[in-house]
Amino acid sequence: SQQGEEDPQALSIQEGENATMNCSYKTSINNLQWYRQNSGRGLVHLILIRSNEREKHSGRLRVTLDTSKKSSSLLITASRAADTASYFCATDAAGAQKLVFGQGTRLTINP
Amino acid sequence: DAGVTQSPTHLIKTRGQQVTLRCSPKSGHDTVSWYQQALGQGPQFIFQYYEEEERQRGNFPDRFSGHQFPNYSSELNVNALLLGDSALYLCASSSSGASWSQHFGDGTRLSIL
């Protein structure tokens, strides 16, 4: 079963705007990661945030983590058409070898 | 430096048949995980192989089996295919002790008629 929910399920914005998507999870985690997937292809790793971190930046990406609420958000600033994709959060827990994914947010950037 | 490669890219089978999917891990990786991604859903963990043995398994029936070879490549076998097995099958590789850092292939799209 999925770890949790992603919100919204779909998001459509204009190029240049910021996009925010949220992820909630159910169990204690070691790390939370965000992946991008273009048109049913493989997953591309974007950013990882550890359970003892609250915020992390990478280029136009900003990730926050609130372990008390078991939630994370991904902000993409100054969106581009090439950012159109599905975005997934994935968590891993202590002693577990697997990644547990959310259901994803489908992001569309309109030119 | 080749990343994770999967073959074939697409496959069409009929109900009841058997299928084998293949994966070569990224250079330097010794652990392979398999995921099933139904349309519109997130990937779900099937199992992970390390040192040629299944190390962890998700909630999938015994029809799903796998193998890892001495060169770390892996196969996913599915028997008695059902319509519900139609999905994108993703392989991910990682280094032992760092299963959180998984590199994904482009997947095999399996369609069951």
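These numbers come from the heavy atoms of this one structure, side chains and all, not from hydrogens, waters or symmetry mates. The sequence lines fix the lettering, A, B, ..., with proteins before strands; numbering per chain opens at 1.
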B:Val4 reachable from B:Leu76 in the ILVMFWY side-chain graph, under 4.5 Å edges: no

B:Phe64 with A:Val100, same ILVMFWY side-chain cluster at under 4.5 Å: no

Distance, nearest 0.5 Å, that separates CG of A:Leu43 from CD of B:Gln37: 6.0 Å

Path from B:Leu90 to B:Val19 over hydrophobic side-chain contacts below 4.5 Å: no

Residue B:Leu39 excluded, over 12 heavy atoms near CG under 6.0 Å: no

Minimal non-hydrogen separation, A:Arg41 against B:Leu88, with atom names: O-CD2, 3.9 Å

Single-linkage hydrophobic cluster, 4.5 Å side-chain cutoff, A:Leu65 and B:Trp100 together: no

Residue part contacting chain B, namely of A:Gln9, when any heavy atom lies under 4.5 Å: neither

ILVMFWY network linking A:Ile76 to A:Ile49, side-chain heavy atoms under 4.5 angstrom: yes

Part of B:Gln48 within contact of chain A (heavy atom distance under 4.5 Å): side chain

Gap separating the CG atom of A:Leu48 from the OG atom of B:Ser101, nearest 0.5 angstrom: 8.0 Å

Proximity breakdown for B:Tyr35 and chain A, heavy-atom pairs closer than 4.5 Å: side chain

NZ-CD distance between A:Lys98 and B:Gln44, expressed to the nearest 0.5 angstrom: 9.5 Å

Test of ring centre spacing under 6.0 Å for B:Phe104 and A:Tyr35: yes

Non-hydrogen atoms of A:Leu99 and B:Phe45 that approach each other most closely: O-CB, 4.3 Å

Under 3.5 Å donor-acceptor, A:Glu6 side chain and B:Gly42 backbone: no

Crowding at CD, A:Glu55 (>12 non-hydrogen neighbours, <6.0 Å): yes

